[in-house]
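Lettering of chains follows the sequences in order, A, B, ..., and the numbering in each one begins at 1. Reckoned from all heavy atoms, side chains included, excluding hydrogens, waters and symmetry mates. Just so we're clear, the structure is a prediction, and the values are computed from it rather than from any experiment.
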4 protein chains.
Amino acid sequence: MFPEESSTRKRILTAALAEFSEFGLAGARVDRIAQKAGVNKAMIYYHFSSKKALHQEVIKQHFSRILTAAGQTVTVSDRFEDLLKSFTEVYAAAFSINPEFVNILLRELADSGSENTKMIADMIASSGLPKQIVSSFQAGIEQGHFRPVDVRQTFVSFILMNVGYFILAPIIDKIWDVTDRDQFVSERKEAVIDLFLHGVKIR
Amino acid sequence: MFPEESSTRKRILTAALAEFSEFGLAGARVDRIAQKAGVNKAMIYYHFSSKKALHQEVIKQHFSRILTAAGQTVTVSDRFEDLLKSFTEVYAAAFSINPEFVNILLRELADSGSENTKMIADMIASSGLPKQIVSSFQAGIEQGHFRPVDVRQTFVSFILMNVGYFILAPIIDKIWDVTDRDQFVSERKEAVIDLFLHGVKIR
Amino acid sequence: MFPEESSTRKRILTAALAEFSEFGLAGARVDRIAQKAGVNKAMIYYHFSSKKALHQEVIKQHFSRILTAAGQTVTVSDRFEDLLKSFTEVYAAAFSINPEFVNILLRELADSGSENTKMIADMIASSGLPKQIVSSFQAGIEQGHFRPVDVRQTFVSFILMNVGYFILAPIIDKIWDVTDRDQFVSERKEAVIDLFLHGVKIR
Amino acid sequence: MFPEESSTRKRILTAALAEFSEFGLAGARVDRIAQKAGVNKAMIYYHFSSKKALHQEVIKQHFSRILTAAGQTVTVSDRFEDLLKSFTEVYAAAFSINPEFVNILLRELADSGSENTKMIADMIASSGLPKQIVSSFQAGIEQGHFRPVDVRQTFVSFILMNVGYFILAPIIDKIWDVTDRDQFVSERKEAVIDLFLHGVKIR
DNA sequence: CATGAATGAGGATTCATTCAT
DNA sequence: GATGAATGAATCCTCATTCAT
């Protein structure tokens, strides 16, 4: 999807990702990006039309990579439970492996009308992942395995239980005295699946 | 808690809240704040030592007000279910009434080592709300009403189901075609309680 | 017409006139203007929105001043010859007293579609000077003093004979070995009037 | 005079002429010249040592070409009147056929100490045209056809009446409501000759 | 308290020029 | 000859902050 990128261009994008993640678009400094990338400041403008355009490209590529990886990792399975577990793993992996992911996402979310937010949403939607799990869940309801709940709301809840922690971690950790975040995440996976399944299954 | 504030100082704080919410600390412009507040730029420096100090004060006051209001609104009740509903209502109210709340929070969360994030967490912790619901839930487990789940993880899930939507709304709305956000929030309250209670109750 | 201008603003305008006259809009340096004016570079942007806007203001004020002065100097007379002499004097004075005048004018003329050129033309037209001399000349034709020539073309010729030298001086001086420009201008006034009157009078 | 120019070099010179005419030396952009010429920017530096050197070369060639053409077009005639008409035609042709001519000239004139202005003046002087008409005119005076006027001033007036319009056209057109420039120029030729001859002839 | 003016240190962007291939 | 990439020195403009009144 991003073929034949010159080494310089790649280095700029990598440096920019770090910079934008740490300082946001407004707080980022082009000088610093150039320094991190080990290139002349003017080279940034040779490859990208402006700081804003660079920012957009960074977001596009970063989210695209993560979603592609996620799509390839989700286990295709007939058993809804396996699919659920697979999703939980993928979420955790995506956020753990890419530390910049959360920050970039948070800053875009704070930019109310941000074009990038729309782009991200489109990417997620067109990845097909949401539809996949929903139709699987819907089937489970029709087959009598799950209570006839509001599918949309229920799945939103599932996403939030998974993703939400990574977003609010700094606050949650402080309030609940989470010291070992890795262990907490690890325990969290089971807890989320457990709560969700008990919440929807017919017994 | 914030007594004897001059009208000018208040106007500055209000204007600053809007500015910081929209643009963040780095993107905010002192000129614009002065203009919004209808005061001379120098007045801002008469009342606050720097842009950063103003930012901090804005966050402190804003979150303090919201948490105070939340604390006063939560219904004290013996029935866990009522307490749960009360919390859900309070979350929804806090986020709906204060549009700037989410943005400010998101931006602070993105600021990794942010002192403000710690401040916010402290405020929430010292409001006693988390402890209240957790001990109520713990009692329910001991009385045999709820399954013996990990209390911490479970309650984190509950928070995320409630709060998470407001944070990720721009993305969720786009993926799930939410057009009427108010109605979605309204439906959401019941769905969350329903999922959570089914998830933890012993039947 | 330009009342209550602060000393700083005036100093900037004066410095800018010199700079723009010497280097043109593209070649002018904001730093140099600030230095010449003895003010901080940022003050220029405090008083004017951009280099271009400053340029425009400089031109507007400069030409306005010169035209106002010219209008006040032209002798109102019934004798066409006196009016003619008066014009010649005024042209010479305007160009001699304001060395920047020519350069600024030349550069604007070179800017084909320049808004400023239109502005200058409007100023000249609305000064009433062209109409004044033309109607006086027209009267002379009707009274039988002058040959029935094309008034427009003839008056354009008169202007060019007067103004043209100042514009092409660097070339003319070199080709015709003009060493004492002041003397040449002085002789020129008579020569122009003489040629023109002989050219139009009926004898 | 400019032999063996490679196609690339020619294309650069043509593109540069357009660029310099439109924007002047300071406003011209090397990138834009390269783009217009359809060559790589570095090629410009392969053929010319700097932007300034290119500029100089452009002016040299352009004026040389125009003067050469003018010299070849002027009709050699014993009758002064024919010579006069020939000059008027040549001026009009030179300015009408080469739209860039005026702009380049104006910009050089505005550059007070410009070396190029001297170069242009030298070219004109060494073309012999000025001397030719002056000596012809001088002969006319001596033969009693013309009044004993100041030859230098008179001929400067003649030049200005011819050339001046093309320089001040943007302003003149606006003040005198010239809509059809071609027609105005056409009428102008006769008017200028008429005024000049009546101005100098003895009757 | 309040203001208009002033300032210094950036900050994004540009541009003539050069280099490696 | 020709090119894409690279560079350093500007260049315009901004912005938090301060000062005189």
Separation of atom [atom1] in [X] from atom [atom2] in [N], rounded to whole Å:
X: C:E5; N: E:dG4; atom1: CD; atom2: C1'; result: 16 Å
X: C:Q35; N: F:dT11; atom1: CD; atom2: P; result: 12 Å
X: C:K10; N: E:dA5; atom1: NZ; atom2: P; result: 14 Å
X: B:F48; N: F:dT18; atom1: CZ; atom2: P; result: 15 Å
X: C:K51; N: F:dT14; atom1: NZ; atom2: C1'; result: 17 Å
X: C:F20; N: F:dC12; atom1: CZ; atom2: C1'; result: 12 Å
X: B:I44; N: E:dC1; atom1: CD1; atom2: P; result: 15 Å
X: D:D31; N: F:dA6; atom1: CG; atom2: P; result: 16 Å

Using only atom types and a distance under 3.5 Å, with no angle test, would you say the side chain of [X] pairs donor to acceptor with the backbone of [Y]?
X: B:E19; Y: B:R29; result: yes
X: C:K174; Y: D:D122; result: no
X: D:R11; Y: D:S6; result: no
X: A:R107; Y: B:A110; result: yes

Quiz item: With sugar-phosphate meaning primed atoms plus P, OP1 and OP2, does D:A26 contact a base, only sugar-phosphate, or nothing at under 4.0 Å between heavy atoms?
Solution: nothing
Quiz item: Using a cut-off of 4.0 Å on non-hydrogen atoms, how would the nucleic acid contact of C:A28 be classed: base, sugar-phosphate, or nothing?
Solution: sugar-phosphate
Quiz item: If pairing requires Watson-Crick or G-U wobble contacts with both distances under 3.5 Å, which nucleotide is the partner of E:dT21?
Solution: F:dA2
From [options], nucleotide with atom closest to [X] side chain:
X: A:T8; options: F:dA2, F:dA6, E:dA12; answer: F:dA6
X: B:A42; options: F:dG1, F:dT14, F:dC19; answer: F:dC19
X: C:Y46; options: E:dG4, E:dT7, E:dA12; answer: E:dG4

Is [X] close enough to [N] that one of its side-chain N or O atoms is under 4.0 Å from OP1 or OP2 there?
X: C:R29; N: F:dA10; result: no
X: C:H47; N: E:dA6; result: yes
X: D:Y45; N: E:dT18; result: no

Quiz item: If you measure from CZ on B:F20 to CG on B:L54, what distance do you get to the nearest 0.5 Å?
Solution: 4.5 Å
Self-check item: Residue whose closest nucleotide on DNA chain E lies nearer the 5' end, B:K41 versus A:S50
Solution: B:K41
Practice problem: Could you say whether C:N40 or A:S49 is positioned toward the 5' end of DNA chain E, judged by the nucleotide with the nearest heavy atom to each? | Solution: C:N40
Quiz item: In terms of the nearest nucleotide of DNA chain F, which residue is placed more toward the 5' end: D:M43 or C:V30?
Solution: D:M43
